[in-house]
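It should be emphasised that the depicted structure is a prediction, and the values quoted were computed from it without experimental measurement.
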Amino acid sequence: MASASVGVVPRQHRLFVAAIDFGTTYSGYAFSTKDDWEKEPLKIFFNNWNAGNLLSRKASTTLLLKPDKSLSSFGYDAETKYADMIEDKENFEDYYYFHCFKMLLHNNKKLRRDTEIKDATGKPLKAMHVFSQSIKFLRQKLFESLEEKFTDIQKDDIHYVLTVPAIWDDNAKQFMREAAVKAGILEKQLSLALEPETASIYCQQLQQTRQTDEGGASFLDVAETGTRFMVVDLGGGTTDITFQERCIDGKLREIHRPMGGPWGGRNINEAFFAFIEEIFKEDVLDKFKKVYMDDYLHMERQFETKKRAFTSESGVVKIPFPLSLIELAKAIWKTDSVDEIMNKNSKYAGKVKTETQKFHIPKDVFISLFLPTVDNIIAHIQKIVEDNSVSFNYILLVGGFAECNIVQKRFDDTFNDKKVIIPEEAGLAVLKGAVLYGHMPQIIATRVARHTYGIESYPKFVDGKHPVSKRVVIDGVARCKDVFFKYVTIGQEITPGYKLSQDFQILNLENNTLECTIFASWEKNPKFITDESCFKLGTLTVPLPKQRSSEPLNIEERMVFGETDHELHFFVRDKINNRTYDGDFFNLLDN
């Protein structure tokens with residue numbers, strides 16, 4: 001077996017790498033030792049979570065906080081405890097209950113440190129506290145698991161990897177980093193990793209342990225240097241799509257910026273309850289959820305099981321339903337017959353039935369719950385390929401939603417000229433890959449810029465070139481304001497650690513501080529920071545020298561794209577005192 005370290009540089013200074021996959025629907029952690037990684041890369045340890053009668057490798061992303069906002073419980077325990085409180089008519093309204101809240105960070109341009117999120121009863125709480133408490137719980141459980149297996153382990157023996165969607169904006173990534181630090185993870189022991197990248201890293205490693213091709217060849221046996229593949233990470237809340245190429249040294253080269261959207265397995269659960277609501281009407285489902293929360297959660301888990309087990313060969317889908325739902329529906333409809341209620345709906349009359357305390361849902365009706373979400377994903381991919389002429393031979397389907405037979409069949413049917421590969425335990429590919437990434441962070445050779453990045457500049461005004469509305473006079477010189485000075489172009493291939501710098505002259509010497517702001521755009525060549533495509537990304541506030549002459553003050557502004565992650569770093573150097581200001585001053589969350 002080839003060494004896992006070929007072509008990459010491991011984190012020599014940490015004895016353990018621990019990964020936290022904080023998902024929309026499910027979250028979990030895993031870890032491995034440096035020694036195990038060097039000998040047997042896929043020897044990765046997981047936790048088993050108790051989900052009623054089932055054991056799961058992940059817990060539901062559910063948080064219950066006490067009235068004083070301290071942690072009560074997380075995961076399936078939080079669901080059960082909250083449901084019991086409602087059933088026993090305890091003071092559940094004083095508690096804070098959050099479920100599937102990660103989507104708050106998706107494409108949220110207005111995300112701030114003080115952004116609030118509402119719990120199940122509508123009570124607001126700072127999202128930063130909700131996320132940090134969740135990560136803190138996972139970190140503590142993880143450390144306890146390590147202590148059980150390894151004696152004398154110290155906190156600084158661990159390097160943590162926290163996964164994030166590739167399609168997230170920079171402010172959401174900084175939000176997660178700060179939440180992790182608040183949760184007790186030291187900045188120097190933390191890396192962020194893109195979910196589809198880590199899944200891809202895991203799939204690359206599979207060639208050493210098991211065969212994936214019907215002909216007996218592993219993925220990397222046929223994926224020679226230069227082979228291109230699309231990674232589709234189908235999670236609970238989002239779909240992340242990246243395109244990669246295998247390099248000569250075993251590293252990965254990104255060949256298109258990450259794309260995707262808010263389509264995931266959670267959409268199917270929402271479609272199911274919308275289907276129930278369509279049959280029984282909104283007031284029935286609302287009351288059922290409020291009064292019989294334990295039954296509601298049990299019903300959702302039953303649906304989740306059927307959703308994952310369903311295949312194209314399945315017949316009528318039978319989903320157990322709580323008696324409380326039927327009794328509540330009959331009481332609200334003032335009838336003794338649930339069939340009478342169902343037959344009032346012309347769309348499902350004679351199709352959907354209830355027998356032996358189960359919903360009997362025809363195959364075509366059940367599949368219809370999936371199609372809007374799956375069709376959105378397929379259409380999005382087709383548009384990316386068509387608009388950008390991206391060529392690839394393989395599709396790696398990963399994430400929990402990738403385990404769904406309906407999804408797999410749609411991909412096989414639509415992309416029948418490609419080889420679709422679904423790894424074993426596709427729902428754990430991101431988590432396993434995150435552990436591997438922690439050991440070899442330099443495995444990603446290049447990434448592609450998601451935006452055009454730049455800053456504001458004030459060049460001399462040129463008649464006929466610059467609009468009159470942008471003309472300003474500074475120290476007697478006519479200048480053009482709001483000009484977008486470009487550093488990086490959207491779609492540009494960037495090597496981790498890529499640096500760009502530019503010297504500027506401070507025109508206004510009266511201020512004691514200088515605000516250096518980074519702007520981003522979806523266009524390749526924006527002209528002004530006020531263009532519709534542009535938005536403010538973050539600001540770095542720099543204190544200016546107190547003692548200075550009347551001569552112009554020169555500064556250097558430098559952007560660095562993370563050496564072992566994908567985050568943007570911004571530095572400003574005062575060239576008089578040769579003092580550099582960095583990320584401690586750079587703020588993406590108070591815009």
Q: Assert yes or no for the condition that the ring centre distance of H451 to W522 is strictly below 6.0 Å.
A: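 Yes; W522 has its ring centre under 6.0 Å from that of H451.
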
Q: Going by atom types only, do S60 and E79 share a side-chain donor-acceptor pair under 3.5 Å?
A: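 Yes.
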
Q: To the nearest 0.5 Å, how far apart are CZ in F131 and CZ in F101?
A: 5.5 Å

Q: Count the heavy atoms belonging to other residues, nucleotides or ligands that lie under 6.0 Å from NZ of K344, then report whether that count exceeds 12.
A: no

Q: Apply the test salt bridge (charged side-chain N to carboxylate O under 4.0 Å, His left out) to residues K409 and D413: give CA-CA distance (whole Å), side-chain angles for both, the deciding distance (0.1 Å), then the verdict.
A: CA-CA 6 Å; K409 188 174 187 309; D413 292 345; 2.9 Å; yes

Q: For the residue pair Y296 and F273, is the inter-centroid distance of their aromatic rings smaller than 6.0 Å?
A: yes

Q: Within a 6.0 Å radius of atom NZ on K330, are there more than 12 heavy atoms belonging to other residues, nucleotides or ligands?
A: yes

Q: Quick one: is the NZ or CZ of K418 closer than 6.0 Å to the six-membered ring centre of F392, and within 45° of its axis?
A: yes

Q: Are the side chain of R139 and the backbone of A183 linked by a donor-acceptor contact shorter than 3.5 Å?
A: yes

Q: Hey, is E254 close enough to R447 for a salt bridge, meaning N to O under 4.0 Å?
A: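 Looking at R447 together with E254, the answer is no, because their closest N to O distance does not fall below 4.0 Å.
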
Q: Look at atom CD of E144 and say whether more than 12 heavy atoms of other residues, nucleotides or ligands are closer to it than 6.0 Å.
A: yes

Q: Is there a side-chain hydrogen bond (donor to acceptor under 3.5 Å, both in side chains) between T121 and K123? Walk through the geometry before answering.
A: CA-CA 6 Å; T121 60; K123 296 188 299 297; 2.6 Å; yes

Q: Under a 4.0 Å N-O cut-off, is there an ion pair linking K281 with D283?
A: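 Salt bridge absent between K281 and D283.
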
Q: Test salt bridge (charged side-chain N to carboxylate O under 4.0 Å, His left out) on K102 and E195 and set out the steps.
A: CA-CA 14 Å; K102 182 183 173 184; E195 291 167 355; 3.0 Å; yes

Q: Start with the C-alpha gap between Q174 and E178, add the side-chain angles, then the distance that decides, and say whether side-chain hydrogen bond (donor to acceptor under 3.5 Å, both in side chains) holds.
A: CA-CA 6 Å; Q174 181 174 332; E178 292 190 12; 2.8 Å; yes

Q: Atom NE2 of residue position H298 - does it have more than 12 heavy atoms of other residues, nucleotides or ligands inside 6.0 Å?
A: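 No, the 6.0 Å shell around NE2 holds no more than 12 heavy atoms from other groups.
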
Q: Which word best sums up how the rings of F272 and F275 line up, parallel for under 30°, tilted for 30 to 60°, or perpendicular for over 60°?
A: tilted

Q: So F366 and F370, would you call those rings parallel, tilted or perpendicular, with 30° and 60° as cut-offs?
A: tilted

Q: Measure up the F92 and Y82 rings against each other and bin them: parallel (under 30°), tilted (30 to 60°), perpendicular (over 60°).
A: perpendicular

Q: Have a look at T163 and tell me which of T198, D21, D233 forms a side chain to side chain donor-acceptor pair (under 3.5 Å) with it.
A: D21

Q: Looking only at the side chains, is there a donor atom on one of S70 and D68 sitting less than 3.5 Å from an acceptor on the other?
A: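 Yes, side-chain donor-acceptor contact under 3.5 Å.
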
Q: Looking at V390, I241, V420, which hits side-chain contact (heavy atoms from CB on, under 4.5 Å) with M230?
A: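 Filter result, single survivor: I241.
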
Q: Would you mind telling me which of R301, K306, K307 makes a salt bridge (charged side-chain N to carboxylate O under 4.0 Å, His left out) with E304?
A: K307

Q: Can you tell me if CG on D364 sees more than 12 non-hydrogen neighbours from other groups inside 6.0 Å?
A: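 Result for CG/D364: enclosed.
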
